[in-house]
Amino acid sequence: MLADINGIKMYYEEKGTGTPLVFVHGLGDSGDCWRFQREIFATGFRTITMDQRGHRRSEDGEELI
């Protein structure tokens, strides 16, 4: 799914229900790096994974000078 955050399209996925649990990836990766953990934790949490700005399916946006 895509969310518009301050004019930048950010990709994210949600799975499961309950208390939100957000997975944040490191530099050069994407939210897909959490695919195995997401499956396990989604049994008891609402898991949210996202592609950080400028990574895989999320836009870079314009830089401010």
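These numbers come from a predicted model, not from an experiment.
Closest non-hydrogen pair, Trp34 versus His25, comes out as NE1-N, 3.5 Å. Residue Gly31 comes nearest to Asp51 through the heavy atom pair N-OD1, 2.8 Å, listed as atom of the first residue, atom of the second, then distance. Taking every heavy atom of both residues into account, Ser58 and Tyr11 meet most closely at OG-N, 2.9 Å.
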Could you list the donor-acceptor pairs under 3.5 angstrom formed between side-chain atoms of residues 37-46 and any protein atom two or more places apart in sequence or on another chain?
from	atom 1	to	atom 2	distance (Å)
Arg38	NH1	Glu13	OE1	3.2
Arg38	NH1	Thr49	OG1	3.0
Glu39	OE1	Lys15	NZ	2.9
Glu39	OE2	Lys15	NZ	3.1
Thr43	OG1	Ile40	O	2.8
Arg46	NE	Glu14	OE1	2.6
Arg46	NH2	Glu14	OE1	2.6

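The distance from the CD atom of Gln52 to the OG atom of Ser30 is 10.5 Å, given to the nearest 0.5 Å. Residue Arg35 holds its CZ atom at 14.0 Å from OG1 of Thr47, rounded to the nearest 0.5 Å. The line from NZ of Lys9 to CG of Leu2 is 7.5 Å long, rounded to the nearest 0.5 Å.
Between the side chain of His55 and the main chain of Leu27, no donor-acceptor pair closer than 3.5 Å is present.
Taking a 4.5 Å side-chain heavy-atom cut-off between Ile, Leu, Val, Met, Phe, Trp and Tyr, the cluster of Met10 extends to Ile5, Ile8.
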